[in-house]
Engineer: 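Quick one: the structure is below, questions incoming.
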Amino acid sequence: MKHNTCCAFISKIIVTILIFVLVSASLAFGEINEPGAGGKSSTSVKMVQLEKVEPGVEDKNKQDIEGKEPSHEESPEVKITPSEVNAGKGTASSEPEFKTINVAVMGIGLKAKACLKGEDIFLQADADETKDIIASFAGNITWKGGKLTLTKERDSLVLKKDSEEAAVGKEKFIKPLQVIDGKPYINFYLIAAYYEAGLSKAEDTGKYYLDPLITELRLKHNKGNYDLMIRASSPLKVKDFFLREPARYVIDIPNAVLGAEPVKMVHPDAGEIRYGQFTTAPNLVRIVIPLTQEVRVKMNSRMDLREAVISIELPPAYAPGQNFARQQIKSIQVEDLPGDEGVRIVVIGTGPMQYEWHRLREPDNRIFIDFGRAVLGGSKVIENLSDPVISQVRAAQFQVNPLPITRVVLALKEPVDVEFLVGKKAGNQLVVLVTHKKIDPESSILRGVGATGFPLTGAAICIDPGHGGSDPGAMNTGVGLSEKYLTLDITDRLTKILTGWGLNVILTRYDDRDVSYQGSTAREELGARVRVANSMGADLFISIHINASYSSNVNGTSLHYYKQKDKQLADCLLQSVIQKGQRKNQGVRRNRFYVLAHTTMPAALVECCYISNPTEARLLTDPNFRQKLAEGIAEGLRVYLSGKK
């Protein structure tokens, strides 16, 4: 009998343990599947599953304090309405619980005296901590004569202790002001709504987060380009960086809540701009702009810290011809191709013209051609067509100052193959063939440059100042030198010499910038430099660089070539640069550098000297030495061209 009783007792214990384990497991499983799992948040802001960036993805511009690459994640669009940000309405029910709560206001931690009644939170209105919270939003709170007054800028909200409800915008709060033991308590969610902030809570720590709302997020057209407008209720901190594979520009806004009405933003060239509430409690909003070789993004200077403007633009012509004079476009002729295979457009000017073309992505499909330093003779040109792939050709004076630009627009109905041909009979004509052959614009080049001819009879030399923009090249911080500035300075000096001789000079860059786009891969950047030389029909290509070595003892000048037809040019350049610069002869070397292998004309790459060598670094700080290097390159070109004649 005692044995049976003991067994029964043990069985009850086992059953109790099993029930406890099952209940615990069920609760644990439920926590895992909640949106705020992992201690993230129980806020009313909606969350989505976030796509992880693969390990090793390069962040070109930003590193953490230890010099390691940060791990970034990317969020798709999250649709949140302002009414969902602050959920508390104020029921004023349940027994009050008094406690001190932790509050992070715009990232700054504070402690506040609070009264908790059900799901509602009331802050002690006359406490210094509450005043500090409200002061963070440039507001003020006073309690006098049974009235509580909230102020912001020129607005104010008055609450009485016997008020049944209060309205802030479209939100209503029941009994928002409570007087308990003679102390005034105000609904925390009302404070958030009045100062246009989002209030959320991290369940794992019990900490509250109060951050500004992003009230406006839109894409605005601005003189042919677009600006991404970000507007918030209070000052914001904005961080930006680039990610690759695929290339995209990311804007992170910490301590912010997305309160703007959800809208779909599609840039005609970059594509859809995605945004969302990346994390809550703590809060982070992320915006992602996809990049192509044709798109540049830039954070504008912020005069008002409640606003951020990001310019998304197609850059201006990246291959300026130095000697092109102003021309007039005399006529634009449009005719059908034989066999109904497309349309031929002939643009005729008074002399040689440089042009740049862009293809826009679907659903736009337009191609526009800009003729720099060109004035349109007569009025606008608009010609409607009945062709199945192109509906209209139009031309207008796109810009007058500082230099005139005439723009010709081809209104395509779908992406088709378009060819740009220089007129064979004259150097003042551009022939554009619009065919009926469909193409995939995603895998096609979206921008190019060219020239109908050159204004002088001398050769056209394409000079490539190495590096630039986001790529500084080799550096010597001890003497304050950066390769990208040195190569540009030597190029400027060389350009003046060559144009003075009557040669045509084409530059891959004429200031400190990327030739392709900021954040591009090395291959994309080098490919853009090659396209400048090939598209413009240059006779010769010279890339200027400054060398560097792990050993500070290494010094001297070297020339590099790849194609067999490059070697004679490299030989001529080396001898003259050595003679002018008086540096050690490192010889002519064959290397498969991208810009040498992919240019169609004779090409050479000059490594002027070593920025890592103390003697040569000091020389590079001297403008006279840089002038000698430019003169050496110019003299080598003169010898080469004389030999060819």
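Worth knowing before you read on, the calculation uses all heavy atoms, side chains too, and leaves out hydrogens, waters and symmetry mates. In what follows, residues are counted from 1 in the order of the sequence shown.
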Engineer: Can you name the closest pair of heavy atoms from L376 and A396 and give their distance?
Structural biologist: CD2-CA, 3.8 Å

Engineer: Please name the pair of heavy atoms, one in V389 and one in V416, separated by the smallest distance, quoted to 0.1 Å.
Structural biologist: CG1-CG1, 4.0 Å

Engineer: Between the main-chain N or O of S552 and the side-chain N or O of N613, is there a donor-acceptor pair closer than 3.5 Å?
Structural biologist: yes

Engineer: Indicate yes or no: at least one non-hydrogen side-chain atom of V530 is less than 4.5 angstrom from one of T600.
Structural biologist: no

Engineer: Do you know which two heavy atoms are closest between M475 and S482, and how far apart they sit?
Structural biologist: CG-OG, 4.1 Å

Engineer: Begin from the C-alpha positions of L619 and C609 and carry the test side chain to side chain contact (heavy atoms under 4.5 Å, CB included) through to its verdict.
Structural biologist: CA-CA 10 Å; L619 284 171; C609 56; over 6 Å; no

Engineer: In terms of heavy-atom contacts, does NZ of K437 have more than 12 from other residues, nucleotides or ligands at under 6.0 Å?
Structural biologist: no

Engineer: Under 4.5 Å between any side-chain heavy atoms of F454 and P352, yes or no?
Structural biologist: no

Engineer: Drop me the distance from I461's CD1 to M536's CE, to the nearest 0.5 angstrom.
Structural biologist: 12.5 Å

Engineer: Check this for me, if you would: do D489 and R493 make a salt bridge, where the nitrogen-to-carboxylate-oxygen distance has to be below 4.0 angstrom?
Structural biologist: yes

Engineer: Taking the six-membered ring for Trp, are Y249 and F242 parallel (under 30°), tilted (30 to 60°) or perpendicular (over 60°)?
Structural biologist: tilted

Engineer: With respect to Q327, which candidate in N428, T452, T350, T406 satisfies the side-chain hydrogen bond (donor to acceptor under 3.5 Å, both in side chains) definition?
Structural biologist: T350

Engineer: Between L620 and L629, is there a side-chain heavy-atom distance shorter than 4.5 Å?
Structural biologist: yes

Engineer: Can you confirm whether R326 sits close enough to P404 that some side-chain heavy atom of one is under 4.5 Å from a side-chain heavy atom of the other?
Structural biologist: yes

Engineer: Is E483 reaching over with its side chain to a backbone N or O of I546, donor-acceptor style, under 3.5 angstrom?
Structural biologist: yes

Engineer: So, D387 versus H436: side-chain donor-acceptor pair below 3.5 Å or not?
Structural biologist: yes

Engineer: Quick check on salt bridge (Lys or Arg N to Asp or Glu O under 4.0 Å): which of R626, K496, K580 does E631 satisfy it with?
Structural biologist: K580

Engineer: Counting N and O atoms only, with roles assigned by atom type, does the side chain of K563 sit under 3.5 Å from a partner on the main chain of L596, one being a donor and the other an acceptor?
Structural biologist: yes

Engineer: Could you state the interatomic distance from CZ (R509) to CD1 (I463), rounded to the nearest 0.5 Å?
Structural biologist: 13.0 Å

Engineer: Checking side-chain polar atoms at under 3.5 Å, does D227 have a donor or acceptor matched by the opposite partner on S311?
Structural biologist: yes

Engineer: With heavy-atom distances below 4.5 Å as the criterion, would you say the side chains of N476 and S612 are in contact?
Structural biologist: no

Engineer: Measuring from atom CD1 of I345 to atom CZ of F420, what distance do you get when rounded to the nearest 0.5 angstrom?
Structural biologist: 9.0 Å

Engineer: Would you check, one step at a time, whether the test side chain to side chain contact (heavy atoms under 4.5 Å, CB included) holds for N504 with D539?
Structural biologist: CA-CA 10 Å; N504 296 284; D539 295 304; over 6 Å; no

Engineer: Just do the side chain to side chain contact (heavy atoms under 4.5 Å, CB included) check on V238 and I310 with the steps written out, would you?
Structural biologist: CA-CA 11 Å; V238 180; I310 294 90; 5.7 Å; no

Engineer: Donor-acceptor pair, distance only, cut-off 3.5 Å: does the side chain of E616 make one with the backbone of Y610?
Structural biologist: yes

Engineer: Assign the ring pair F368 / H358 to parallel, tilted or perpendicular, where the plane angle (0 to 90°) is split at 30° and 60°.
Structural biologist: parallel

Engineer: Is any side-chain heavy atom of C608 less than 4.5 Å from a side-chain heavy atom of V577?
Structural biologist: no

Engineer: With rounding to the nearest 0.5 angstrom, report the CD to CG distance, Q586 to N547.
Structural biologist: 8.0 Å

Engineer: Contact between L228 and I251 at the side-chain level, heavy atoms closer than 4.5 Å - yes or no?
Structural biologist: yes

Engineer: Going by the side-chain contact (heavy atoms from CB on, under 4.5 Å) test, name the single residue among T557, L559, L574 that passes it with N585.
Structural biologist: L574

Engineer: Is there side-chain contact between R583 and F625, with heavy atoms separated by less than 4.5 Å?
Structural biologist: yes

Engineer: Could you tell me whether a side-chain N or O of Q575 sits under 3.5 Å from a main-chain N or O of A570, the two making a donor and an acceptor?
Structural biologist: no

Engineer: Considering non-hydrogen atoms only, spot the tightest contact between L494 and A630 and give its length.
Structural biologist: CD1-O, 3.6 Å

Engineer: Distance-only, no hydrogens or angles: does the D370 side chain make a donor-acceptor pair with backbone N or O of R407 under 3.5 Å?
Structural biologist: no

Engineer: Is the charged tip of R590 near the ring of Y562: under 6.0 Å from the six-membered ring centre and within 45° of its axis?
Structural biologist: yes

Engineer: In Å and rounded to the nearest 0.5 Å, what is the CD1 to OH distance from I273 to Y226?
Structural biologist: 10.5 Å

Engineer: For D514 and G468, which heavy atoms make the closest approach, and how far apart are they?
Structural biologist: OD2-O, 3.8 Å

Engineer: Do any N or O atoms from the side chain of N534 and from the backbone of H598 form a donor-acceptor pair under 3.5 angstrom?
Structural biologist: yes

Engineer: More than 12 foreign heavy atoms under 6.0 Å from CD of Q579: is that the case here?
Structural biologist: no

Engineer: Give a yes or no on this: more than 12 heavy atoms of other residues, nucleotides or ligands lie within 6.0 Å of atom CD of Q564.
Structural biologist: no

Engineer: Kindly give the heavy-atom pair with the smallest separation between N365 and L412, and that separation in Å.
Structural biologist: O-CB, 3.4 Å

Engineer: Is there a side chain to side chain contact (heavy atoms under 4.5 Å, CB included) between K484 and D471 once you walk through the steps?
Structural biologist: CA-CA 8 Å; K484 67 177 182 178; D471 177 12; over 6 Å; no

Engineer: Enter the distance from F593:CZ to H545:NE2 here, rounded to the nearest 0.5 Å.
Structural biologist: 8.0 Å

